Amino acid sequence: MNILVTGGAGYIGSHTVVELLNYNYNVVVVDNFSNSSPIVLDRIREISKKDFKFYEVDLTNKEDLEIVFKENEIDAIIHFAALKAVGESVKKPLDYYYNNILSTLYLFDLMRKYSVCKFVFSSSATVYGQPKKCPIVEDFPLSVTNPYGRSKLIIEDILRDMCFAYSSLDVAILRYFNPIGAHKSGLIGEEPDGIPNNIMPYITKVAVGKLPVLNIFGDDYDTLDGTGIRDYIHVLDLARGHVKALKKLEENPGLVTYNLGTGHGYSVLQLVNAFSRASGKKIPYTITDRRAGDVAVCYADPSKAEKELGWKANYGIDEMCQDSWRWQSKNPDGYRETAKG
Ligand code: UD1
């Protein structure tokens, strides 16, 4: 089976490409390296000892994208490529709508033109907005608070409309909770451009001495220690979830939607402590104001994915922290430096 992976050089994309290669899928990667590096592709080959086709294409360039469909008989698409910084999306909404939505519309057009009927979409728990309660079940009401989240929800809505209109389509919408961790080899991991927005890359940059102190956004939430609670999930578990979703699509289920989370919530302070245990590094932190738009508690009910995909998260918080640290400590400058032993 030939799988087109958009954004395959990105954080979740690269781990998923490794997993697909491990399962002997033929993989075609498309990426524009907007928040990633060509080195990732070499690292994927090194880990998997397998090769795959790569196209440096920006998905908003439909002519270039069509070449990929012309030159490869694509059976299924896993669509990761997107801009994903919440704060930036508030300041530059049009960038987010052009990049995330226009590119996906082009992909849908080409999918129809070349009769590709299987699609896995990289969505986010952000589509649950401010959830009324936890754990979050897939049929909770959907709402968003920023253009990034809205771009995910709009694409989900388009997919629902498409599945209603075209009975030949099989679509899996995967709503990720908070991905952290890295490949066991320490060769690929999360490397955001500039100062990280998300907590784990921020913690690892403090641990490696690139940033002085972690700012914890609020300790006055109604939680066990006042800091926000999230469902952190190992990126390797997420990657495996995509392979399970592809297998599900072979059963022609139409539209299916799954939460990919562990079902367990950890506070920011619990995460910081787990990281310190895993790395032996003390993480200096200060408590600052709450970050606008943050919810107090967010964790998944992942039982639907377990029941219907036979998928459940295997890794616990300690291993997630160990693997994040292995990646960052071996690559203190991210992909700008070769990993050492
Ligand atoms: C964020 C996005 C969400 C996106 C997800 C994955 C926001 C408001 N939400 O989720 O839309 O889908 O990333 O990319 O940005 N924290 C700190 N200090 C930091 C960073 C974070 O205390 O420097 C805290 C946050 O307040 C939160 C927790 O750590 O309680 C996790 O934050 P983060 O990693 O940014 O993820 P989310 O906010 O859950």
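Computed from a prediction, not measured in an experiment: that's the story for all the values here. Just follow the structure's listing: the first ligand is 1, and inside any ligand the first atom is 1.
For atom 7 (C) of ligand 1, the closest heavy atom belonging to the protein is Val86 CG2, 3.6 Å. Given atom 35 (O) of ligand 1, the protein heavy atom at minimum distance is Arg291 NH2, 2.8 Å. Distance from atom 31 (C) of ligand 1 to its nearest protein heavy atom, with residue and atom name: Tyr232 OH, 3.5 Å.
Ring centers of His264 and Phe177: at least 6.0 Å apart, outside the cut-off. Taking the ring centroids of Phe80 and Tyr11, they lie at or beyond the 6.0 Å cut-off.
Contact annotation for Tyr148 and ligand 1: only side-chain heavy atoms (C-beta onward) come within less than 4.0 Å of the ligand. Residue contacts with ligand 1 for Asn178 involve side-chain atoms from C-beta outward but no N, CA, C or O (heavy atoms, distance under 4.0 Å).
Between Asn198, Ile199, Thr126, it is Asn198 that holds the heavy atom closest to atom 5 (C) of ligand 1. Considering only non-hydrogen atoms, atom 19 (C) of ligand 1 lies nearest to Phe217 out of Tyr202, Tyr221, Phe217, Tyr285. Which of Thr227, Asn215, Val268 comes nearest to atom 18 (N) of ligand 1 through a heavy atom is settled by distance: it is Asn215.
The two residues Thr262 and Ala313 make their nearest non-hydrogen contact at CG2-CB, 3.8 Å. Scanning all heavy atoms of the two residues, the minimum distance from Val295 to Pro131 falls at CG1-CD, 4.1 Å.
Under the 4.0 Å criterion applied to side-chain N and carboxylate O atoms, Lys244 and Glu308 are not assigned as salt-bridge partners. At a threshold of 4.0 Å, the pair Lys152-Glu156 does not count as salt-bridged, since none of the basic side-chain nitrogens sits closer than that to a carboxylate oxygen.
Atoms of ligand 1 lying under 4.0 Å from any heavy atom of Ser124, numbered from 1 in the order shown and given with element: 12 (O). Against a heavy-atom cut-off of under 4.0 Å, Asn197 is close to the following atoms of ligand 1: 20 (C), 35 (O). Less than 4.0 angstrom separates some heavy atom of Asp294 from each of these atoms of ligand 1: 8 (C), 25 (C), 26 (O), 38 (O). Those atoms of ligand 1 that come under 4.0 Å of a heavy atom in Gly228, given as number and element, are 30 (O).
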Review item, side-chain donor-acceptor pairs of residues 187-201, under 3.5 Å, at least two apart:
unit_1, atom_1, unit_2, atom_2, d
Glu191, OE1, Lys205, NZ, 3.3

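Put simply, part of Arg230 is less than 4.0 Å from ligand 1, judged by heavy atoms.
Note on ring orientation: taking the six-membered ring where Trp is involved, the planes of Trp325 and Phe275 are perpendicular (angle over 60°, cut-offs 30° and 60°).
Taking the side chain to side chain donor-acceptor pair (under 3.5 Å) definition, one finds that Thr204 meets it with Gln328, sequence neighbours left out.
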